[in-house]
Amino acid sequence: MQSEQREPDSARSYSTRMTVTLARKWTFIFGLIAVLAILVGAGFANMSASDAPTTLETDVVRWIALVFGLLALGAYLIGRNARGREHTD
């Protein structure tokens with residue numbers, strides 16, 4: 001006997017595709033900001049008179065890179081889960 005294959009609901013499929021697309025965009029944007037923060041931190045070291053950034057500059061760059069790196073990871077996981085739901089429906 002041939003099993004019935006049901007057509008995916010177009011609204012659900014569209015919603016899932018939009019979620020995945022937005023998650024990919026935000027992953028890229030957040031990842032880019034994290035990398036740029038690290039590059040700016042390297043720039044602080046070059047601009048500093050003593051060739052070492054201040055502790056405040058280091059802390060700000062470290063926290064920005066950490067927060068946006070975690071946001072990128074979260075957006076990636078949201079997109080991956082949405083993509084997984086699309087294949088199981």
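Hydrogens, waters and symmetry mates play no part in the numbers below; they use all other heavy atoms, side chains included.
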Colleague: Hey, what do you get for CG (Leu66) to CD1 (Ile38), rounding to the nearest 0.5 Å?
Modeller: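 That separation rounds to 10.0 Å.
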Colleague: Minimum heavy-atom separation for Ala82 and Val20, please, with both atom names.
Modeller: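 It is CB-CG2, 3.8 Å.
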Colleague: Testing the basics here: between Ala34 and Ala65, what is the closest heavy-atom pair and its distance to 0.1 Å?
Modeller: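 Reported closest heavy-atom pair: CB-O, 3.7 Å.
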Colleague: With sequence neighbours excluded, tell me which residues meet side-chain contact (heavy atoms from CB on, under 4.5 Å) with Leu36.
Modeller: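 Result, side-chain contact (heavy atoms from CB on, under 4.5 Å) vs Leu36: Leu32, Leu39.
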Colleague: Answer with yes or no whether the hydrophobic clustering places Ile33 together with Trp26; edges join I, L, V, M, F, W, Y residues whose side-chain heavy atoms lie under 4.5 Å apart.
Modeller: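 Linked, Ile33 and Trp26 end up in one cluster.
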Colleague: From Ile78 CD1 over to Thr27 OG1, what is the distance, rounded to the nearest 0.5 angstrom?
Modeller: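 Nearest 0.5 Å value for the CD1-OG1 distance: 8.5 Å.
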Colleague: In terms of hydrophobic clustering (I, L, V, M, F, W, Y; side-chain heavy atoms under 4.5 Å; direct or indirect links), are Val67 and Leu56 co-clustered?
Modeller: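 Val67 clusters together with Leu56.
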Colleague: Who pairs with Phe68 by ring pair (Phe, Tyr, Trp, His ring centres under 6.0 Å), at least two apart in sequence or on another chain?
Modeller: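 For Phe68 the ring pair (Phe, Tyr, Trp, His ring centres under 6.0 Å) partners, ignoring immediate neighbours, are Phe30.
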Colleague: Give me the atom names and distance for the closest heavy-atom approach of Ala75 to Ala23.
Modeller: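 Smallest interatomic distance, heavy atoms only, reads O-CB, 3.3 Å.
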Colleague: Tell me whether Leu71 is reachable from Ile64 by hopping between hydrophobic residues (I, L, V, M, F, W, Y) whose side-chain heavy atoms are closer than 4.5 Å.
Modeller: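 Shared cluster, yes.
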Colleague: Residues sharing Leu73's hydrophobic cluster, by side-chain heavy-atom contacts under 4.5 Å among ILVMFWY, directly or via others?
Modeller: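 Noted: Leu73 shares its cluster with Tyr76, Leu77.
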Colleague: Working to the nearest 0.5 Å, report the span between OG1 of Thr19 and CZ of Arg24.
Modeller: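 Answer for the OG1-CZ pair, Thr19 versus Arg24, is 12.0 Å.
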